[in-house]
Amino acid sequence: MTDFLPPALILVAAAILIGPLRGHLRSAVVLAAPLLTLWAIWQVPDGVVTTAPFLDYVIEPVEGSPLRRWFATIFALMAFVGGLFAFRQARWYELAAAYAYAAGAVGVSFAGDLITLFLFWEVMALFSTVIVWSGGTPAARAAGVRYAIMHLFGGIILKVGIEGVVVHTGSIDIQPMMATNFDTWLILIGILINAAAPPVSAWLADAYPESSPTGSVFLSAFTTKTAVLALILLFPGESILIWIGLYMIMYGIIYALLENDARRILAYSIVNQVGFMVCAIGIGTQMAINGAAAHAFAHIIYKALLFMSAGVVVYRTGKSKCTDLGGLFRTMPLTCICGIVGALSISSFPLTSGFTTKTLISQAAIDEQMLIVYFLLTAASAGVFLHAGIKFPWFVFFQKDSGLRPKDAPWNMAAAMVFFAALCLFMGLFPETFYPLLPYPVEYEPYSAGKVLFYLQLLLFSGLAFFLLLPMMRRTLTISLDFDWFWRVFLFRAGQSLVIGAGKVREEVATALLAGLSQLRETARRYLGASDPDARRGVFASAWAIGTTAGWVAVLLTVYVLVYFT
Amino acid sequence: MNRPEDEPWLVRPRSIRLLWRIFWAVLALTVLLQVVIKVKGYFIVDGWFGFGAAFGFLSCVAMVLGARVLGYMLKRDDTYYQAGEGGDD
């Protein structure tokens with residue numbers, strides 16, 4: 001069957017049209033295309049619905065399943081709300097890149113084979129780099145280059161892995177595998193690079209905060225969550241993911257606690273939240289996969305909401321450092337309230353989307369009797385409230401009076417924030433509306449009195465810890481070193497030393513060569529004479545009498561004739 | 001310096017004191033409610049009285065302290081990578 005075009009193509013068309021169109025027509029395309037994509041996504045039935053020949057293979061650009069539709073839905077929804085947030089403020093090329101980027105995410109969601117997956121994967125890498133560059137500052141340019149290098153590198157690893165699998169198994173199908181050999185390990189590593197797993201988590205907090213206030217909203221949604229989807233499709237139950245996930249969770253908390261830049265705090269907390277999902281995929285039960293999928297959906301919404309809230313602050317004040325901000329609740333009440341809703345959701349406060357989705361993951365750990373994992377996840381839930389739930393709104397909107405009195409959000413940004421804030425609460429209040437859409441049947445009741453009380457204790461006492469320990473969390477004008485130090489500084493310096501060393505060697509060799517050459521020239525001059533006609537000539541260069549020359553020629557010819565005839 | 005009455009209600013010293021009192025009361029309430037509401041202990045200890053409160057508080061203290069210790073090693077001036085030390089910009 002080839003009659004079902006990939007829903008991603010609608011967003012691709014929109015991305016192409018955004019450039020040439022102007023005014024209301026462009027706005028109409030920006031707002032209508034994601035909705036049209038949403039409609040198309042829900043027309044995709046289960047199973048492979050589109051095949052096409054590609055090189056020697058038959059690729060499957062569209063394969064439907066509840067899981068795939070679920071992720072495609074949130075990606076399209078994100079494109080819509082992101083478009084609403086950005087269409088009056090963002091530059092056209094940033095919008096176009098964002099839509100192409102979203103198209104890549106939707107394309108990955110429906111990719112039925114590894115080749116299609118890889119193609120859309122690279123589309124995302126390409127256009128997300130453009131979004132980082134759209135930040136427009138020298139720092140954004142440099143961060144964009146580092147971002148591109150990391151993702152192209154990840155893409156190559158993924159590609160090599162895919163080719164290995166194709167060569168060794170002959171199949172390009174996307175199916176669950178285990179990281180048991182070189183090929184599958186490379187695929188896993190390639191995907192994990194996009195998930196910001198250790199040791200390369202730093203690319204995320206390096207690049208996202210350098211983008212524009214609108215760009216970071218798009219960036220926060222797609223790359224890491226398509227990686228989550230790819231992990232669910234390819235590596236469910238791969239137990240190493242549990243520990244990678246837990247590391248990411250703790251990494252995100254610690255680095256966010258040390259961070260001063262508001263958007264970088266949010267970037268670190270993406271790593272933290274994706275860690276929950278990666279851990280769930282490692283657990284791999286139906287409950288856990290449901291948890292990972294549900295949490296990814298909820299996470300995209302509240303994280304985008306947080307980035308919108310921070311984005312409005314950056315847009316209005318031009319500042320994003322906690323040391324410069326504070327007291328903004330006075331003039332930005334709506335942005336403040338939406339930020340708080342996002343912050344409560346990320347902290348999985350009861351009645352918000354975080355509570356109805358993240359607790360699925362904890363429940364999966366309970367069901368599998370994973371004691372250590374469960375307690376680490378619980379401690380991390382407290383830590384999330386600490387590093388993002390309170391820290392972000394507190395330092396941006398309260399804390400001290402920074403003297404800034406910016407206006408609140410423009411209407412389109414406000415509408416986008418209110419919509420996502422409402423969705424956070426809706427998902428928290430009515431989990432029964434979306435549980436049936438998850439990939440597996442859900443038999444789980446999030447709101448038992450005991451569980452709510454437990455989480456209230458956990459979170460409120462984390463809040464107490466935050467305010468009691470505030471003096472220890474005074475913001476400083478600092479950044480925190482990460483593994484990327486090894487390539488940004490160590491490798492750079494090693495390269496520098498190599499260049500300097502090589503330069504010295506070159507100098508030595510050149511000196512020696514020159515000395516040798518001048519010696520050679522001297523010898524030549526001695527025997528051949530100088531090129532100067534007045535100087536005394538050497539033995540082979542001096543003028544000889546004709547007779548002598550003729551005599552020598554005669555001798556040579558005689559010798560030649562003798563040699564030839566004997 | 002503004003008089004307290006000119007400031008928004010939220011940042012007046014009196015209201016902050018009031019908010020702290022409410023906060024303490026809510027904290028106490030969440031723990032005391034465990035007398036009537038049973039918290040199911042999946043791993044025994046998590047059903048103990050006030051376990052959530054203690055666990056939340058202590059793990060946060062541990063994380064803040066841990067971050068602080070790591071901070072001594074990892075924190076650098078925020079111009080570190082621009083100042084030529086990093087050298088890539």
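Basis for what follows: all heavy atoms, side chains included, without hydrogens, waters or symmetry-related copies. Order of the sequence lines fixes the chain letters, A, B, ..., with proteins taken first and strands second; residue numbering starts at 1 for each chain.
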Do any of residues 390-398 of chain A come closer than 4.5 Å to chain B, heavy atom to heavy atom, and if so which ones, in number order? A:Phe398

Scan side-chain atoms only and decide if B:Tyr81 and A:Trp485 contain a donor-acceptor pair under the 3.5 Å cut-off. no

For [X], is it the side chain, the backbone, both or neither that has a heavy atom under 4.5 Å from a heavy atom of chain B?
X: A:Tyr255; result: side chain
X: A:Leu460; result: both
X: A:Ile253; result: side chain
X: A:Leu469; result: side chain

Any salt bridge (charged side-chain N to carboxylate O under 4.0 Å, His left out) involving residues 51-63 of chain B? Give me the pairs, sequence neighbours left out, ordered by first then second residue. none

May I have the step-by-step check of side chain to side chain contact (heavy atoms under 4.5 Å, CB included) for B:Asp77 and A:Thr478, ending in yes or no? CA-CA 5 Å; B:Asp77 201 56; A:Thr478 50; 5.6 Å; no

What's the spacing between A:Leu258 CG and B:Lys75 NZ if we round to 0.5 Å? 5.5 Å

Applying a strict 4.5 Å limit to non-hydrogen atoms, the region of B:Leu10 in contact with chain A is side chain

Quick check on B:Phe51 against chain A: is it the side chain, the backbone, both or neither that has a heavy atom closer than 4.5 Å? both

Any donor and acceptor pair, going by atom type alone, linking the side chain of B:Arg68 with main-chain N or O of A:Met472 inside 3.5 Å? yes

Can you tell me which residue pairs pass the side chain to side chain donor-acceptor pair (under 3.5 Å) test with a partner in residues 25-47 of chain B, sequence neighbours excluded? A:Gln457-B:Gln34

Provide the full list of side chain to side chain donor-acceptor pair (under 3.5 Å) pairs with a residue in residues 364-373 of chain A, sequence neighbours left out, each pair given once. A:Gln363-A:Asp367

Are A:Phe461 and B:Phe55 close enough that their ring centres sit under 6.0 Å apart? no

